[in-house]
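Each residue takes its place number in the sequence, starting with 1. No hydrogens, no waters, no symmetry mates; every other heavy atom, side chains included, goes into these values. A quick note: this is a predicted structure, and the numbers were derived from the prediction, not measured.
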Amino acid sequence: MPALLQRLRQRLTARDHGLLVLRRAGRTAIVMPGTFALCDQVIGNPEMALFAAFGSFAMLMLVGFGGPMRQRMQAQASLAVVSSLFVCLGTLASQAAWLACLAMAVLGFGVLLAGAVSSVLAGASTSLLLSFILPVSLPGTASDVPDRLAGWGLAAVVGLFAIRLLWPEPAADPLRGKAVGACRTLAARLRSEDEASPDHQQIVRDAHRALDELQRQFLTTPYRPTGLSASDRAVVRLVDELNWARRVIVHSLPIPDDSPNLAARRARIAAANVLGHGADLLAAPRTSPDALHTASAELRAALFALERDAADVLPPLSGRGPENGTGASTVSPDEPDEPDDRQVTEVIDALEPSFRAHELAFVVGAIGDNIDAAARAERRTWVQRLLGRQTTGLPGTLSAAQERVSAHVDPHSVWLHNSVRGAVGLALAVLVANLTDVQHAFWVVVGALSVLRSNALSTGQNALRAVLGTLAGFAIGALLLLPIGGDTTPLWFLLPVTILVAGIAPAVISFAAGQAAFTLELVILFNILQPTGWRVGLVRIEDVAIGCGVSLVVGLLFWPRGAGAALNTALSQAYTASSRYLAAAVEFGMRRPGSRPASTAVEAKRQAVRAASAARRMDDAFRQYLTERGAKTTPLAEFAMLIGGVIGLRLAADTVLDLWERDGDQAFGEGSAARPTQLPYAQLRHTLLRRTWQVTDWYDDFARSLDGGRPVPRSLDQDADADRALVRALREDLRDKHGIASATAVRAIWTGDHLSALRRNQPTLVQPVLTTGLAHGERAPD
């Protein structure tokens with residue numbers, strides 16, 4: 001016996017990290033029998049007792065909010081209010097079968113789709129659905145609302161005190177904690193590189209380990225591990241930005257003290273300071289933000305100096321070209337017009353350190369801004385939170401919710417598929433329960449709810465487990481009830497034990513074991529209310545089988561292949577949207593400063609929103625794919641690499657757009673006071689846009705290959721002719737009579753560098769697709 005208990009304890013700690021499930025099950029095992037006994041034995045109201053019992057189960061067992069205690073209590077109180085409203089609506093809708101079916105469909109769809117807004121709503125969706133399923137499945141009238149509401153409200157109020165007083169979970173935010181560690185290790189890596197630290201290699205390994213843990217924490221959850229609060233929304237952006245910062249640092253080299261790129265060195269040092277002070281503020285958001293503000297101001301100054309001084313390190317852009325509007329040449333006619341490879345290499349290589357420093361300064365600046373926004377949101381007073389006062393730079397809660405939901409109003413959204421499937425399954429279960437006049441319609445709907453999954457195979461597997469688990473629970477219940485007979489006293493002692501086991505079994509043992517324990521719990525509960533012996537378990541088997549059958553039919557009819565098939569489509573759409581965003585960003589930059597039509601800026605912002613929406617659908621499809629049962633045909637690491645490609649494409653577009661948004665009329669005149677205002681800009685525009693179209697066309701073809709539309713394209717080779725054409729365009733368009741480039745020329749070269757980086761990333765995307773057969777393993781012909 002001690003050895004068995006030891007094995008159970010080891011299994012529990014291995015599968016229930018932090019004993020969160022045990023805490024919830026323990027609280028429910030205390031509160032549920034207590035509220036049930038109060039209503040049934042003291043008040044003498046069976047209806048109230050039933051809703052108090054299931055209310056305790058819904059409020060304590062089926063949901064577990066994270067974060068600080070204050071946020072947990074707020075979320076729990078909100079759940080209590082909304083679920084109480086659903087109890088009232090469900091009771092009123094239960095008076096007619098057609099109304100119950102329609103109300104279940106509408107409310108079920110709304111609750112499930114709202115889970116896309118935040119992990120808080122997603123985690124509470126089962127509790128909210130149960131608060132409507134129970135009353136809509138038990139026919140009642142308006143006169144029954146007070147008793148039902150009183151029972152549910154009692155469970156909600158007692159549950160609030162139980163969460164606060166009975167084994168409260170420690171206030172921990174794994175995502176935030178790992179983001180703090182990632183910021184600190186990246187800052188240490190930057191400093192160790194520039195200071196030539198002897199521990200540099202160990203610091204590099206620590207930084208990679210911290211970023212990998214952050215990425216793993218973020219990806220391996222069924223929904224984004226973030227809530228809808230302003231601070232949560234700011235923190236979740238850090239994951240992509242920190243991984244992007246790692247990529248930039250990996251591809252950059254330390255800058256020695258005697259380098260002409262001193263502005264780049266200062267930018268790297270300023271970036272390390274922002275990361276370090278940002279980590280401190282993220283770990284303690286209520287402390288003073290002055291250190292981060294000072295470091296961010298220094299980083300912005302370094303960024304502007306970098307853009308201003310970068311042209312100084314460029315070699316003269318010699319060659320033919322008009323000095324002014326008269327068409328006079330700045331060089332002798334004997335000089336060749338076409339730049340040679342040496343000059344092209346000199347021009348491109350001269351700006352490489354400043355390009356990497358600019359990339360790093362931009363992303364670290366965004367990281368600092370997000371951390372500051374998260375801290376400011378945390379420092380809001382209770383009154384400011386109540387009035388909905390938002391921090392600068394973040395949209396309001398309603399705006400953010402609208403944006404997230406609208407991202408899933410798309411025929412390919414996995415979250416939309418699951419919401420429709422769940423709504424139809426629950427509504428059909430309510431209809432079947434009413435038409436067949438089963439004894440306990442509630443169990444039919446709960447049976448449907450418990451096995452609905454994102455594909456027909458998973459639904460069928462869970463349906464079989466649900467029925468087998470229910471049979472096992474019925475058998476155990478029958479064996480217990482035979483010697484007990486009509487005496488309910490022993491059942492009161494067994495009830496807390498079965499509740500505890502029912503709470504722990506799904507996480508520690510299996511889904512079927514959880515169904516068996518839940519069946520045994522209901523057999524005991526209903527025999528206390530109305531002793532009928534083992535027959536109540538037999539009825540539950542019949543009802544659960546009907547509900548599972550309904551779910552299986554719905555799973556076969558609505559998107560039976562699940563998230564595995566939808567993930568390819570989501571990836572394809574994300575690449576296409578991000579590619580269009582990049583094209584719009586470059587198009588905006590290639591408009592002349594001072595004469596850029598507003599439509600180009602609007603189009604770039606519109607494409608940015610579309611790319612973000614497509615990326616969110618891709619992210620949710622990937623998470624749903626992780627939760628599906630069965631063998632994964634494609635390794636998760638390969639999918640993670642493809643998802644990283646989308647992130648890199650979007651963030652490159654962000655940088656290009658930000659780069660050209662700061663370009664002004666005076667930038668064109670820098671380096672040439674005599675230059676006329678009407679600069680010959682057509683050559684540069686044509687060259688960069690042609691280069692952009694080559695890259696975006698490849699990503700569009702790659703996106704179509706993921707969706708099965710065409711073979712996988714070959715990676716583009718680095719185009720030396722494109723670099724030569726860019727240098728030729730720059731010396732034709734953006735240099736003074738001495739061959740000195742303007743600041744806009746620097747921006748053009750940096751834009752070309754971003755496009756080159758995206759070309760270099762293509763083999764890392766093609767290889768996973770070809771090796772895994774994700775897109776049928778076909779390669780486009782040479």
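- A49 and F36 get closest at one heavy-atom pair: O-CD1, 3.4 Å.
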### Task
Determine, stepwise, if the pair V63 / T126 fulfils side-chain contact (heavy atoms from CB on, under 4.5 Å).
CA-CA 8 Å; V63 66; T126 303; over 6 Å; no
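- Taking CG of L130 as the start and CE of M59 as the end, the distance is 11.0 Å to the nearest 0.5 Å.
- Under the rule for a side-chain hydrogen bond (donor to acceptor under 3.5 Å, both in side chains), the partners of S56 that lie at least two apart in sequence or sit in another chain are T35.
- In this structure, the side chains of L129 and M104 come closer than 4.5 Å at one or more pairs of heavy atoms.
- Of all non-hydrogen atoms in A614 and A574, the two that sit nearest each other are CB-CA, 3.8 Å.
- For D144, the side-chain hydrogen bond (donor to acceptor under 3.5 Å, both in side chains) test picks out no residue, with sequence neighbours left out.
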- Would L128 and L107 count as a side-chain contact (heavy atoms from CB on, under 4.5 Å) if you check the C-alpha gap in whole Å, the side-chain angles of each, and the deciding distance to 0.1 Å? CA-CA 10 Å; L128 289 172; L107 187 137; over 6 Å; no
- Task: May I have the step-by-step check of side-chain contact (heavy atoms from CB on, under 4.5 Å) for F132 and L426, ending in yes or no?
- Result: CA-CA 11 Å; F132 187 82; L426 294 175; over 6 Å; no
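- Closest non-hydrogen pair, A105 versus A427, comes out as CB-CB, 3.7 Å.
- You'll find the side chain of F51 reaches within 4.5 Å of the side chain of L138, heavy atoms only.
- Rounding to the nearest 0.5 Å places CG of L60 at 10.5 Å from CD1 of I499.
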For this session: Begin with the C-alpha distance, continue with both residues' side-chain angles, and end with the deciding distance and a verdict on side-chain contact (heavy atoms from CB on, under 4.5 Å) for C88 and V145.
Result: CA-CA 6 Å; C88 300; V145 170; 3.8 Å; yes
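- Here L149 contributes atom CG and M48 contributes atom CE; the two are 9.5 Å apart, rounded to the nearest 0.5 Å.
- The distance from atom OG of S125 to atom CG of L113, rounded to the nearest 0.5 Å, is 11.5 Å.
- The shortest non-hydrogen separation linking M69 to P168 is CE-CB, 3.6 Å.
- In terms of heavy atoms, V136 sits closest to A100 at CG2-CB, 3.7 Å.
- How far CG of L50 is from CG of D40: 10.0 Å, rounded to the nearest 0.5 Å.
- Closest non-hydrogen pair, G503 versus A25, comes out as CA-CB, 4.0 Å.
- The backbone N or O of A570 sits nowhere less than 3.5 Å from a side-chain atom of Q573 that would complete a donor-acceptor pair.
- Take T91 and apply the side-chain hydrogen bond (donor to acceptor under 3.5 Å, both in side chains) test, not counting sequence neighbours, and it matches R148.
- Atom-to-atom distance recorded for R27:CZ and L165:CG is 10.0 Å, nearest 0.5 angstrom.
- Listed by chain and number, the residues in a salt bridge (Lys or Arg N to Asp or Glu O under 4.0 Å) with R24 amount to none (sequence neighbours excluded).
- Judged as a salt bridge (Lys or Arg N to Asp or Glu O under 4.0 Å), and not counting sequence neighbours, R164 has no contacts.
- Residue pairs meeting the ring pair (Phe, Tyr, Trp, His ring centres under 6.0 Å) criterion with at least one member in residues 73-92: none, sequence neighbours excluded.
- A donor-acceptor contact shorter than 3.5 Å is absent between the side chain of S94 and the backbone of S137.
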